[in-house]
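Atoms within each ligand, like the ligands themselves, are counted from 1 in listed order.
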Amino acid sequence: DSQLNPDYSFANFIEGDCNRLARSAGVAVSENPGGTAFNPLVLYGDSGLGKTHLAQAIGIKTKELYQDKTVLYVSANKFQTQFTEAIRNNNKNDFLHFYQMIDVLIIDDIQELAGKEKTQNTFFHIFNHLHQSGKQLILTSDKAPIELKGMENRLLSRFKWGLSADLQNPDYETRVRILHQKAYKDGIVLDNEVIEYIASHVTNNVRELEGALISLLAQSTLNKKELNLELAVTIIDRLVKNTKRELSIDYIQKVVCDHFSLPIDVLQVKTRKREIVQARQIAMYFSKTLTKASLASIGSQIGKKDHATVLHACKTVNNLIDTDRGFKTQIDEIDKKLKM
Ligand code: ADP
Ligand code: MG
């Protein structure tokens, strides 16, 4: 089992200026695995821009063209877990042997091996063995190899042996074509004006573009509403606001302070005044629930507190929500303001 998802094919991968080099290198590699100068082929770029899709497309195509070749797709995390287990079970040789038998090895999100010296060391040996035997390596990373931190230099220098190709954010025209294709695949007919509205407002990455289409579809099915421009405007505006808000702990602090008629910077002040302590806890709670920020990062942005303080704040707020009706009403009101 090569762990490949058939949806992630070349046929489903829309070509644009943003991915042309990476895509054509991928096609070349799948037509002649191990036989091009693109070894390893490193695909890099921000999250949601198609690294996993493209890496898998290469695997799928190779399997189609060369039925007898062993293709394996594995995330760096899974590789790491397998390695740890092999060590624990005294099976390191089996692990090595397994990976050295592969013809086309695809490792996704290689940046996850940062700081994992033993795994990197083993991967180094696998890399050398495969490369010397003319086998193909395909790696993806959220950063260019030169910017990867916590990786052994001898590995990084090998990443540069082949080709590093980046995936960029698609331009408007490509976004339109991606949306057409996704809608078509889902069997939905969308007016051009709807597609154009989405393409001009959801601009961060392809994953969000897909997410927008799914939300729109879900809303129209669940609420039995026509999938027209009006619905698109409502849904998309809400989504776009949500993703913007998601980035900003500042914004959460502002809304919380507004709500309690406190000056915005008061949460940074070192004080035990009850109303300020509570406002700070609420801001921490919303930062934890509405952003992806870590406890430590929330703490450092809200009053220079440590992660334990933030954790305590979240617990306190959760408790009060369960036990204090008046408090819960306040939280609901702030939540509504944040989602406006
Ligand atoms: P990454 O691994 O870079 O985070 P993914 O490969 O998971 O990104 O892509 C996110 C989503 O966007 C996937 O569902 C993928 O199918 C889709 N996608 C990305 N690029 C394209 C493209 N060029 N054409 C069609 N779909 C794409
Ligand atoms: Mg990915």
**Request:** Heavy-atom distances under 4.0 Å are what count here, so tell me which part of Asp46 touches ligand 1: side chain, backbone, both or neither.
**Result:** backbone
**Request:** Could you tell me whether Glu15 approaches ligand 1 through its side chain, its backbone, both or neither, with non-hydrogen atoms closer than 4.0 Å?
**Result:** neither
**Asked** How far is atom 6 (O) of ligand 1 from its nearest protein heavy atom, and which residue and atom is that?
**Response** His53 N, 2.8 Å
**N or O contact, Gly50 vs ligand 1, cut-off under 3.5 Å** = yes
**Request:** Would you tell me whether Gln168 and Asp166 have side-chain atoms, one donor and one acceptor, within less than 3.5 Å of each other?
**Result:** yes
**Item:** Side-chain donor-acceptor pair present, Asp306, Thr309, cut-off under 3.5 Å
**Value:** yes
**Asked** Can you check whether Lys51 has an N/O within less than 3.5 Å of an N/O in ligand 1?
**Response** yes
**Asked** Looking just at side-chain N and O atoms, do Gln301 and Gln253 make a donor-acceptor pair shorter than 3.5 Å?
**Response** no
**Request:** Could you name the option among Phe10, Tyr44, Tyr8, Phe13 that has the heavy atom nearest to atom 21 (C) of ligand 1?
**Result:** Phe13
**Item:** Side-chain (Gln268) to main-chain (Gly303) donor-acceptor, under 3.5 angstrom
**Value:** yes
**Asked** Would Ser47 count as a contact for the Mg ion (ligand 2), in the sense that one of its N, O or S atoms lies under 2.8 Å from it?
**Response** no
**Fill in**
atom 23 (N) of ligand 1 sits nearest the protein heavy atom Ile14 O, 2.8 Å
**Prompt:** Checking Asn39 side chain against Leu137 main chain: does a donor-acceptor pair fall under 3.5 Å?
**Reply:** yes
**Message:** Using a 4.0 Å heavy-atom cut-off, which part of Asn19 comes near ligand 1: side chain, backbone, both, or neither?
**Reply:** side chain
**Asked** With a cut-off of under 6.0 Å to the ring centre and 45° to the axis, is Lys92 in cation-pi contact with Phe95?
**Response** no
